[in-house]
Undergrad: 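Got a structure here, written out as structure tokens. Questions coming.
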Amino acid sequence: MTEASGHSIWLRPERAGRGPAPEYDRGRIAAAGIALADTDGLPAVTMRAVAVSLGTGPASLYRYVATRDELLELMIDEVNGEISYAGLGSGGWLEDMLTLARQSRRIYMRHPWLLDTAGSKYPMGPNAVDYLEHALGALADLDVSPRTKLEAIGVFSGIVTLLARMEITQHLAGQTVPQWQRAQTDYLTQVVTVGHHPHLATALAAQTSDTGQEPPGPLFDRVLTHILTGLLQPDAAGAG
């Protein structure tokens, strides 16, 4: 919800049917905000800064977006439009969902500021709705309820965001996720030698013997595979 109108920017037309042709459009305004956020982070995105980058004044920008919240709605949806759905449907439902997850991850990598908007008050824009439609399409043949599918997609999206945040955080710290995992394992292995954490010691000891039973691929794919297959089991869905 935006402060000025009480409604999403997507609930009104981009321009009135009458009057002079607009100088700008939503895509151009969004692109200007994205460029600022990509360079200097989300706090750098203000109505004034975007107006300056467009070569106009803030008063002119308010003819197109009523508040900064509306500007962020445009930016979020613009980067969501970078997702490609080419190739979906060529594999099974799980591979299609992993393909969508990898696409989302790449967008977070290109636009880390997007993490600061995840789970926020901003309504879904047209490109986010397209994403949801394709995710539901990937799950169309599964014998689970529509509610279960929607809930699974919500959890799935949250985990993608969490994993992307972890990867970006580790990258900023100068290490990869596998390097971070090894460092954590080395540290915890030392901790459990004291004998005060028997359950953790058992889990660490079992970790090496369980590797052959894990799905192949990097941590990102493995975690999402576990989440999706667990949430979308027909028996588990019926129990809810």
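Just so you know, residue 1 is the first one in the sequence shown, and it goes up from there. This is a predicted model, so every value here is computed, not measured.
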Undergrad: Start with the C-alpha gap between Leu219 and Met166, add the side-chain angles, then the distance that decides, and say whether side-chain contact (heavy atoms from CB on, under 4.5 Å) holds.
TA: CA-CA 11 Å; Leu219 175 68; Met166 180 180 69; 3.6 Å; yes

Undergrad: Kindly say whether His226 contributes a backbone atom to a donor-acceptor pair with the side chain of Thr229 at under 3.5 angstrom?
TA: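 Between the backbone of His226 and the side chain of Thr229 there is a qualifying donor-acceptor contact (under 3.5 Å).
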
Undergrad: Can you see which heavy atom on Leu54 is nearest to which on Tyr24, and at what distance?
TA: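 Taking Leu54 first and Tyr24 second, the nearest heavy atoms are O-OH, 3.3 Å.
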
Undergrad: Can you tell me how far apart CG (Leu74) and CG (Asp69) are? Round to the nearest 0.5 Å.
TA: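 Nearest 0.5 Å value for the CG-CG distance: 11.0 Å.
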
Undergrad: Once side-chain contact (heavy atoms from CB on, under 4.5 Å) is applied, do any residues pair with Ser84, and if so which ones, sequence neighbours excluded?
TA: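 side-chain contact (heavy atoms from CB on, under 4.5 Å) check on Ser84 returns Ala86, Gln103.
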
Undergrad: Please report the closest heavy-atom contact between Arg12 and Tyr64, naming both atoms and the distance.
TA: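 Heavy-atom minimum between the residues: NH2-O, 3.6 Å.
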
Undergrad: Does a side-chain heavy-atom distance below 4.5 Å link Leu150 with Leu136?
TA: yes

Undergrad: Kindly compute the distance separating CG (Leu231) from OG1 (Thr148), expressed to the nearest 0.5 Å.
TA: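 The CG atom of Leu231 sits 9.0 Å away from the OG1 atom of Thr148.
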
Undergrad: Val79 versus Trp113: any side-chain heavy-atom pair under 4.5 Å?
TA: yes

Undergrad: Side-chain contact test, heavy atoms from C-beta onward, threshold under 4.5 Å: evaluate it for Met97 versus Leu139 and give yes or no.
TA: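 The answer is yes, as the side chains (C-beta and beyond) meet within the 4.5 Å cut-off.
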
Undergrad: Quick check for you: to the nearest 0.5 Å, what is the distance between Ile168 atom CD1 and Tyr108 atom OH?
TA: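 The CD1 atom of Ile168 sits 9.0 Å away from the OH atom of Tyr108.
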
Undergrad: What heavy-atom pair brings Ala51 and Pro58 nearest, and what distance separates the two atoms?
TA: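 Answer, listing the atom of Ala51 first, then Pro58: CB-N, 3.6 Å.
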
Undergrad: Do the side chains of His111 and Ile34 get nearer than 4.5 Å, heavy atoms only?
TA: yes

Undergrad: Can you see which heavy atom on Ile9 is nearest to which on Arg26, and at what distance?
TA: O-NH2, 3.3 Å

Undergrad: Please list, chain by chain and in numerical order, all residues satisfying salt bridge (charged side-chain N to carboxylate O under 4.0 Å, His left out) with Arg68, sequence neighbours excluded.
TA: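 Not a single residue meets the salt bridge (charged side-chain N to carboxylate O under 4.0 Å, His left out) criterion with Arg68.
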
Undergrad: Side chains of Val160 and Leu224, heavy atoms from C-beta outward: is any pair under 4.5 Å?
TA: yes

Undergrad: Can you give the donor-acceptor pairs under 3.5 Å from side chains of residues 40-50 to other protein atoms, not counting sequence neighbours?
TA:
{"residue": "Thr46", "atom": "OG1", "partner": "Ala49", "partner atom": "N", "Å": "3.0"}

Undergrad: List the atom pairs, with distances to 0.1 Å, where a side-chain N or O of residues 126-133 and a protein N or O form a donor-acceptor pair under 3.5 Å, not counting sequence neighbours.
TA:
{"residue": "Asn127", "atom": "ND2", "partner": "Asp77", "partner atom": "O", "Å": "2.9"}
{"residue": "Asn127", "atom": "ND2", "partner": "Asp77", "partner atom": "OD2", "Å": "3.2"}
{"residue": "Tyr131", "atom": "OH", "partner": "Ser104", "partner atom": "OG", "Å": "3.4"}

Undergrad: Is there a side-chain contact between Met75 and Leu72 in this structure, where contact means two heavy atoms from C-beta onward sitting under 4.5 Å apart?
TA: yes

Undergrad: How many angstroms lie between CD1 in Ile159 and CZ in Phe220, if you round to the nearest 0.5 Å?
TA: 10.5 Å

Undergrad: Supply the atom-to-atom distance Thr117 OG1 to Ile76 CD1, rounded to the nearest 0.5 angstrom.
TA: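 Those atoms lie 3.5 Å apart.
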
Undergrad: Measuring only between side-chain heavy atoms, which start at C-beta, is Leu88 closer than 4.5 Å to Leu100?
TA: yes

Undergrad: Pairs in or reaching into residues 85-99: which pass salt bridge (charged side-chain N to carboxylate O under 4.0 Å, His left out), with residues at least two apart or in two chains?
TA: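 The answer is Glu95-Arg102.
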
Undergrad: Name all residues meeting the ring-ring contact (aromatic ring centres under 6.0 Å, His included) criterion together with Tyr62; count only those two or more places apart in sequence or in a different chain, and write none if there are none.
TA: none

Undergrad: Can you name the nearest heavy-atom pair linking Met109 to Ala164, along with the distance?
TA: CE-O, 3.7 Å

Undergrad: If every non-hydrogen atom of Gly27 is compared with every non-hydrogen atom of Glu78, which pair is closest and at what distance?
TA: CA-OE1, 4.1 Å

Undergrad: Mind checking the CG-CZ spacing from Leu114 to Arg165? Nearest 0.5 Å is all I need.
TA: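 Answer rounded to 0.5 Å: 10.0 Å.
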
